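For clarity, every value in this text was computed on a predicted model and none was experimentally measured.
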Amino acid sequence: MSVISGSWLRARTIAVILGAALAATGVPADAQAQTATTTYQLEIPSQSLHDALQALALASRHRMFYQADIVNGKVNAAISGKYTTEEAVRAMLAGTNLEYEISADGVVIVRARGSASSKTSWTGGTGSLHLAQAATSSESDKTYLDEVVVKGTTIDDPILSSRTGDTVRDRPRAVTIVTRERLDEQNINTVNSVLDQSTGVTVARVNFANQRYYARGFQIGSLQVDGAAPIPTDGSGSGFLNIADLSMYEQVEVMRGPDALFSGNGASGGSLQLVRKRPTKNTQMSLALLAGSWSQYRAEIDASGPLGWDGRLRGRVVYAKEDSDSYLSNGE
């Protein structure tokens, strides 16, 4: 009486499960029962035995079982020409300590040479059982994408308009921070452009020169400068339009939801916080020029530095001038 070891039963169970999975995914039935007389034109160079078995499975549409640790570090013999699946496996395993078996349902099992009969046991190591089949591509068929680096603000970013030094983590409301770096990189020069690109804010254009801003279903009705008392605006949002240019501001913060706890503003929609640029310790100057469609021209100068010998008194001057035509002859 033959004794069937537990490891062989596990291997056969996995084979049955994977075979059913292949059938469910649309692998043709003839791929699971190829005859020993079918030949294939094969060109498999000498390479990692694992990759070679994958390539053979792809070309012959045969399933192959093997354990990872018995093929690691092994190289197959190169084959070129017409081979049956059995001839190809035999040729590739030449010179190794491995042998193979082809089951009745066409599954190729690779194991260590000298183990007990493959019909009664499964040996060859303790590594994981691998399945090579037609749906698996070789290493050369893989496509590697370029690295993508995503940068964003963190929850520890400071809220510059806060008088208590809290960060985004400390606020119980959602805050979108638009830094000077982003304003410069995207040429954002108006409050309308900031709110138009802020998460969770809807811009409703009433007419050419008038917009309304909504967050969480309510209108954003006030703005602050450097954390001072909220400046109320009328229902048309014209108060925002009075902030003609953002060149003099270091950061824009959009608060969604009531901010009464930190600023005394209890509006349900939210508020807009503007943080002005501060004088710098060292003398610096920058010049920016912009030209665009519809005869748009813009010039911006930013100069800052100490005004006294000891550096205690400092100043900063920002000047911006912009002019452009429009695709509309007149707007109201």
Q.
With side chain to side chain contact (heavy atoms under 4.5 Å, CB included) as the criterion, how do V252 and I188 come out once you've worked through the C-alpha distance, each side chain's angles and the decisive distance to 0.1 Å?
A. CA-CA 11 Å; V252 181; I188 300 176; over 6 Å; no
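- Within the hydrophobic cluster formed by Ile, Leu, Val, Met, Phe, Trp and Tyr side chains joined at under 4.5 Å, directly or through other members, L287 is accompanied by L289, I301.
- Here L53 contributes atom CG and S48 contributes atom OG; the two are 8.5 Å apart, rounded to the nearest 0.5 Å.
- One distance of note links OG1 of T84 with CZ of R90; it measures 7.0 Å at 0.5 Å rounding.
- Put simply, the side chain of R298 reaches to within 4.5 Å of the side chain of D245, judged on heavy atoms.
- With values rounded to the nearest 0.5 angstrom, I220 atom CD1 is found 8.0 Å from S271 atom OG.
- Annotation for D146: atom CG does not count as buried by contact number, only 12 or fewer foreign heavy atoms lying within 6.0 Å.
- Annotation: the span from L93 atom CG to E99 atom CD amounts to 9.5 Å, rounded to 0.5 Å.
- Qualifying side chain to side chain donor-acceptor pair (under 3.5 Å) partners for S198, counting only residues two or more places apart in sequence or in other chains: none.
- The minimum heavy-atom distance between A204 and Y214, with the atom names listed, is CB-CE1, 4.0 Å.
- Judged as a side chain to side chain donor-acceptor pair (under 3.5 Å), and not counting sequence neighbours, T39 has no contacts.
- At least one side-chain heavy atom of R182 sits less than 4.5 Å from a side-chain heavy atom of T179.
- The salt bridge (Lys or Arg N to Asp or Glu O under 4.0 Å) pairs that include a residue from residues 269-282 are D226-R276, D226-R278, K277-D302, where partners are two or more places apart or lie in different chains.
- The shortest heavy-atom contact between I44 and Q47 is CG2-NE2, 3.6 Å.
- Counting heavy atoms from C-beta on, the side chains of S268 and R216 never come closer than 4.5 Å.
- Counting all heavy atoms, side chain and backbone alike, L42 lies closest to A88 at CD1-CB, 3.7 Å.
- One finds the CG atom of L98 at 11.5 Å from the OH atom of Y66 (value rounded to the nearest 0.5 Å).
- A heavy-atom distance below 4.5 Å is not found between the side chains of S247 and N189.
- Between the CD atom of E87 and the NZ atom of K82 there is a distance of 12.5 Å, given to the nearest 0.5 Å.
- In this structure T280 satisfies the side chain to side chain donor-acceptor pair (under 3.5 Å) test together with S304, sequence neighbours excluded.
- When hydrophobic clusters are built by joining Ile, Leu, Val, Met, Phe, Trp and Tyr residues whose side-chain heavy atoms come closer than 4.5 Å, directly or via intermediates, Y40 is grouped together with Y83.
- Every residue two or more places apart in sequence or in another chain was checked for a side chain to side chain donor-acceptor pair (under 3.5 Å) with R314, and none qualifies.
- The shortest non-hydrogen separation linking G81 to E43 is N-OE2, 4.0 Å.
- With contacts defined as side-chain heavy-atom distances shorter than 4.5 Å, the pair V110/M64 does not qualify.
- Residues M92 and V75 are members of separate hydrophobic clusters, defined by side-chain heavy-atom contacts under 4.5 angstrom among Ile, Leu, Val, Met, Phe, Trp and Tyr.
- Of all the heavy atoms in N76 and L49, the pair that sits closest is CB-CD1, 3.8 Å.
- The closest side-chain heavy-atom distance from K74 to N97 is below 4.5 Å.
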**Q.** Candidate pair V275 and I159, rule side chain to side chain contact (heavy atoms under 4.5 Å, CB included), full reasoning
**A.** CA-CA 9 Å; V275 182; I159 299 177; over 6 Å; no
Q: Could you walk me through whether F65 and R111 pass side chain to side chain contact (heavy atoms under 4.5 Å, CB included), step by step?
A: CA-CA 9 Å; F65 285 126; R111 67 176 189 278; over 6 Å; no
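- Neither side chain, S103 nor E101, offers a donor N or O lying under 3.5 Å from an acceptor on the other.
- Using a 4.5 Å heavy-atom cutoff, the side chains of V254 and Q197 are not in contact.
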(Q) Does N192 form a side chain to side chain contact (heavy atoms under 4.5 Å, CB included) with R205? I'd like the steps, not just the answer. (A) CA-CA 10 Å; N192 185 76; R205 289 174 171 80; 3.8 Å; yes
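- In this structure, the side chains of N72 and H50 stay at 4.5 Å or more apart for every pair of heavy atoms.
- Other residues, nucleotides and ligands contribute at most 12 non-hydrogen atoms within 6.0 Å of the CD atom of E181.
- A303 and M285 make their closest contact through CB-CE, 3.9 Å (heavy atoms, listed as atom of the first residue, atom of the second, distance).
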(Q) If you apply the rule side-chain hydrogen bond (donor to acceptor under 3.5 Å, both in side chains), what do you find for R256 with T199, and how did you get there? (A) CA-CA 9 Å; R256 301 189 296 280; T199 302; 5.6 Å; no
